[in-house]
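Lettering follows sequence order; numbering is per chain, from 1. Not measured: the values here are computed from a predicted model.
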Protein chains: 2
Amino acid sequence: MARTGRPRGFDPGEVLRSARDVFWASGYGGTSIQALVDRVGLERGSLYAAFGDKRRLYFEAVRLYWAEYEEVLRSALAQVPLLPALREVLVMPAQLGAAASDPGAPHGCMVGNTAAELVPHDAEATALVADAFDRFVGMTIEPLRQAQQRGEVSTASEPEAQARLLLVLAEGTALLARAGTDPAAAVAAIDAALAGLRADAGDR
Amino acid sequence: MARTGRPRGFDPGEVLRSARDVFWASGYGGTSIQALVDRVGLERGSLYAAFGDKRRLYFEAVRLYWAEYEEVLRSALAQVPLLPALREVLVMPAQLGAAASDPGAPHGCMVGNTAAELVPHDAEATALVADAFDRFVGMTIEPLRQAQQRGEVSTASEPEAQARLLLVLAEGTALLARAGTDPAAAVAAIDAALAGLRADAGDR
DNA sequence: GGACTTATTGAACGGGCGGTCAACAAGTAG
DNA sequence: CTACTTGTTGACCGCCCGTTCAATAAGTCC
């Protein structure tokens, strides 16, 4: 049975994606409700009716961001060889910043930005960030172990340490991309890191 | 000749350090003037008379932060062997977060936090961050080159790429420390990265 | 001492912020 | 049609923010 009442005049998913882009570019504190209203196509009242207050909308936007990021990461982790696929994922934020030349373009990793801006004084943000980072590491350990076994990745370190290293690289690269680092330089840094992860004659 | 007029009742350097700590813990947007007044020991008027407005005080605080960080980095870069000294620098933010258990404790790298919060929509912040990061890389290249020549560091990558990698590691680790990552896990990730930088039999 | 200069104080201000709500619109139910 | 439910609108509200300033304090200069 169809719901009674006046139907929605907008697609909530589309609005959430727009809100994510605004928050992504300007952060939580740097984004006013008015800025959201201007870019999202909804009046304030509708925004509040549909998504609750600013905090809830922000966290929802971050969750959407991270869900999409996990999707990209997951498909990379399924590939063989592993390191070239991971290279693509790590390099992504640098290229994203270069491609979008307008000043309001999204930059960096929303979860990392949230950590810098809202952690530790916001408990909900802290939990969200910790959960996201834990999931990154959890997803990455097993593929790394398998890559070690097949001789692609160095066995000089434990897979878990290497997984955490990949997270450090991902967040560090994203932050530098937001800061405007030259994409080519970022790629060179990533390649230097991956060269260190590769298995070679000195390994065993 | 001594200056005329009523003398200052406080030490500007000490006040600036206090302000840096507050901003470091809570960020720019998360810190209100009232919070500064409460923690710094100056009334609003004096704060404004001595340091200008909030933005100026913030940037001054970040510059102080970075100057001290550069000092630590510089002394590490002068040591032989290089990698153990760099390990100390990279690991520092993780231990800093663990040592200070109170919720208002400073976490992460102030420059990185500034990048996440104020870049790209604040031009002055953008310039400050870019300059700091460039200085990091500039300082680090030459010591890395020498460490390559003496056989300590792998020659698989250019010193500049390795320098940028170190910056990525420093900023990534600092961000994860702010997010509450277990210090031991952070250290393990750093060690995995440094293992990849070390020169070994497979190198030549 | 009086004139002058600089520092300190905290009340006051204007503005922009996040959030609300009463009136109205657009559907369904019977 | 009338009754009901849900969505939309934008004016409006109160608060807290960063900032200012007139009054006062505490020194130096001559």
Angle between the end axes of the helix from C/dG1-D/dC30 to C/dG30-D/dC1, five pairs per end, to the nearest 10 degrees?
0°
So salt bridge (charged side-chain N to carboxylate O under 4.0 Å, His left out) across residues 162-177 of chain A, not counting sequence neighbours, yields A/D134-A/R164, A/E160-A/R164
B/R135: which residues meet the side chain to side chain donor-acceptor pair (under 3.5 Å) condition with it, sequence neighbours left out?
B/E70
Nucleic acid contacts - residues 40-50 of chain B versus DNA chain D, non-hydrogen atoms under 4.0 Å
B/R44, B/G45, B/Y48
C/dG19 C1' sits how many Å from A/Y58 OH, rounded?
20 Å
Partners of B/Y69 by ring pair (Phe, Tyr, Trp, His ring centres under 6.0 Å), sequence neighbours excluded?
B/W66
Distances under 3.5 Å between nitrogen or oxygen atoms of protein and nucleotides 4-6 of chain C:
unit_1 : atom_1 : unit_2 : atom_2 : d
C/dT6  : O2     : B/R6   : N      : 3.2

Under the salt bridge (charged side-chain N to carboxylate O under 4.0 Å, His left out) definition, can you give me all pairs with a residue in residues 136-149 of chain A, not counting sequence neighbours?
A/E142-A/R145
Side chain to side chain donor-acceptor pair (under 3.5 Å) partners of A/E68, counting only residues at least two apart
A/R20
Between D/dT6 atom C1' and A/F10 atom CZ, what is the distance in whole Å?
12 Å
When the side chains of residues 46-55 of chain B are checked against the rest of the protein, which donor-acceptor pairs come out under 3.5 Å, sequence neighbours left out?
unit_1 : atom_1 : unit_2 : atom_2 : d
B/D53  : OD1    : B/R56  : N      : 3.2
B/K54  : NZ     : B/Y28  : O      : 3.0
B/K54  : NZ     : B/T31  : O      : 2.7
B/R55  : NH1    : B/D122 : OD2    : 2.2
B/R55  : NH2    : B/E124 : OE1    : 2.9

In chain order, what residues pass the side chain to side chain donor-acceptor pair (under 3.5 Å) check against A/R87, with sequence neighbours excluded?
A/D191
Please enumerate all residues that pass ring pair (Phe, Tyr, Trp, His ring centres under 6.0 Å) together with B/Y65, with sequence neighbours excluded.
B/W24
Pairs flagged by salt bridge (charged side-chain N to carboxylate O under 4.0 Å, His left out) wherever residues 8-18 of chain A is involved - sequence neighbours left out
none
A/Q34 CD to C/dG18 C1': how many Å, rounded?
11 Å
